[in-house]
There are 2 protein chains.
Amino acid sequence: MQAQVQLTLMSTSFPDEASRRLLRDLAHSLPMALLRTREAVVQRFREVLSRYGLTEQQWRILRALDGREGLEISLLAEECRILLPSMTGILKRMEARGLILRQASVADGRKVRVALTEEAKALVAQIKPEVVQVYVEIERILGRNKLEQLYALLEELEQGLASSA
Amino acid sequence: MQAQVQLTLMSTSFPDEASRRLLRDLAHSLPMALLRTREAVVQRFREVLSRYGLTEQQWRILRALDGREGLEISLLAEECRILLPSMTGILKRMEARGLILRQASVADGRKVRVALTEEAKALVAQIKPEVVQVYVEIERILGRNKLEQLYALLEELEQGLASSA
DNA sequence: CTGAGATAGTTAATATATTAAGTAAAAGAC
DNA sequence: GTCTTTTACTTAATATATTAACTATCTCAG
């Protein structure tokens, strides 16, 4: 079965319908499509964030912590989809800049909670409206319905891949 | 107008309908949704590619060069959505491993064309069927219609953002 | 020609991503 | 209560992303 697929793929002369469609899908390339669109979207946000000396990842962390008391690093990492080794460095830089505070847990010596400083909260409040404007533009481009549709499809695929893992 | 939005966003007590929807969209976070889905998709491909000691980026380059005589580095970079400074390092590693060849252009001393070695072509032929199987699974999860729908929405948003840049 | 720009790539510096190891504290097994 | 395993992070090593600066051509106006 696997060998069959390989064979038809390697002989490009007379591919049957099935492998022709697979090849077209391959040309589509879902990772590339997701990358290109994400790149285009993120660029808009980056234009805003870079004026404040923030990276996209730092903004994700600011957004996740905003309006909360604090969060364990692991939970924060999970929510922001940033791996722990990356978090270590990012939080170090954010702490050095005075955007976050760390406090070790008394109950569990391994856990560390991080929270926004007042300065960071003010920064988030200042940036948020500009970020909202980017969303407004995106919705203007795609329309509210299609945007919701896109969210739904992305979610469905993510969940499907996760559950069949 | 901008100040208006900011004001409603900062008073979380009684947000009106518009800002409430904007905040929900913000919680959605399109970059995060694209990231999460892409992460889930790419992980499947990475399981295959890592067995061959390839990164996702290197695979994009292999795929782009496969079946062609060669390509200028700039064009390759554009097609693979990899920035030139990154390309320099990636191509260096791929050349060291014997996957690509470089040849300076005679017509234009600045340009460099890269092409796959025979070894690389054989590697691509070997890996391709496994990659196709990942696509088969993705299509099984989402269904062909929804998958095409997803591609279309991603494309439309990307184009929209590009043209309104 | 010739000098001002534009192009193709690389180098440099900093920030993240990814995988593997390592460390310290906590939870469980016995 | 020790011993093993798990958990929460950090460190290390390598690969890539991003922005800026630099080099060697090339192009083209004058």
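The figures here come from the full heavy-atom set of this structure, side chains too, leaving out hydrogens, waters and symmetry mates. All chains are named by letter (A, B, ...) in the order of the sequence lines, taking the proteins before the strands, and each is independently numbered beginning at 1.
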> Going by distance alone, is a donor N or O of one side chain under 3.5 Å from an acceptor N or O of the other, for A/Tyr151 and A/Glu156?
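Note: A/Tyr151 and A/Glu156 side chains miss the donor-acceptor criterion.
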> Restricting to nitrogen or oxygen on both sides, can you table the protein-nucleotides 3-7 of chain D pairs closer than 3.5 Å?
| residue | atom | partner | partner atom | Å |
| --- | --- | --- | --- | --- |
| D/dT7 | O4' | A/Arg110 | NH1 | 3.4 |
| D/dT7 | O2 | A/Arg110 | NH1 | 2.9 |

> Quick one: what's the B/S/- string for nucleotides 11-20 of chain C, heavy-atom cutoff under 4.0 Å, read 5' to 3'?
BB--SSBBBB
> Using the test side chain to side chain contact (heavy atoms under 4.5 Å, CB included), find all partners of A/Ala120 that sit at least two apart in sequence or belong to another chain.
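For A/Ala120 the side chain to side chain contact (heavy atoms under 4.5 Å, CB included) partners, ignoring immediate neighbours, are A/Leu62, A/Leu99, A/Leu116, A/Thr117.
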> With sequence neighbours excluded, tell me which residues meet salt bridge (charged side-chain N to carboxylate O under 4.0 Å, His left out) with B/Glu69.
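Counting only residues at least two positions away or on another chain, B/Glu69 forms no salt bridge (charged side-chain N to carboxylate O under 4.0 Å, His left out).
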> Check salt bridge (charged side-chain N to carboxylate O under 4.0 Å, His left out) between B/Arg110 and all other residues, then give those that pass, not counting sequence neighbours.
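Only B/Asp108 meet the salt bridge (charged side-chain N to carboxylate O under 4.0 Å, His left out) criterion with B/Arg110.
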> Does B/Lys92 have any salt bridge (charged side-chain N to carboxylate O under 4.0 Å, His left out) partners at least two apart in sequence or in another chain, and if so, which?
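Salt bridge (charged side-chain N to carboxylate O under 4.0 Å, His left out) check on B/Lys92 returns nothing, list empty.
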> Does A/Leu35 sit in a hydrophobic cluster with other residues, and if so which ones, taking ILVMFWY side chains as linked at heavy-atom separations under 4.5 Å, directly or through other members?
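Result for A/Leu35 is A/Met32.
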> How would you list, by chain and number, every residue that makes a salt bridge (charged side-chain N to carboxylate O under 4.0 Å, His left out) with B/Arg97, sequence neighbours excluded?
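Residues passing salt bridge (charged side-chain N to carboxylate O under 4.0 Å, His left out) with B/Arg97: none at all.
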> Can you give each donor-acceptor pair under 3.5 Å made by side-chain atoms of residues 158-165 of chain A, sequence neighbours left out, with the distance rounded to 0.1 Å?
| residue | atom | partner | partner atom | Å |
| --- | --- | --- | --- | --- |
| A/Glu158 | OE1 | B/Arg36 | NE | 3.2 |
| A/Glu158 | OE2 | A/Arg81 | NH2 | 3.4 |
| A/Ser163 | OG | A/Gln159 | O | 3.1 |
| A/Ser163 | OG | A/Gly160 | O | 3.2 |
| A/Ser164 | OG | A/Gly160 | O | 3.4 |
| A/Ser164 | OG | B/Arg44 | NH2 | 3.3 |
| A/Ser164 | OG | B/Glu137 | OE2 | 3.0 |

> Once you apply a heavy-atom cut-off of 4.0 Å, does A/Ala107 come out as touching a base, just sugar-phosphate, or nothing?
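Sugar-phosphate contact only.
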> Return the value, rounded to whole Å, for the distance between atom CG of B/Asp108 and atom P of C/dA6.
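Going from B/Asp108 (CG) to C/dA6 (P), I get 17 Å.
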> If you look at every strand shown and take non-hydrogen atoms under 4.0 Å, does B/Arg102 touch a base, only sugar-phosphate, or nothing?
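Sugar-phosphate contact only - B/Arg102 comes under 4.0 Å of backbone atoms but never of a base.
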> Measure CG/B/Leu91 against P/C/dA8 and give the value in whole Å, please.
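Answer to the nearest Å: 16 Å.
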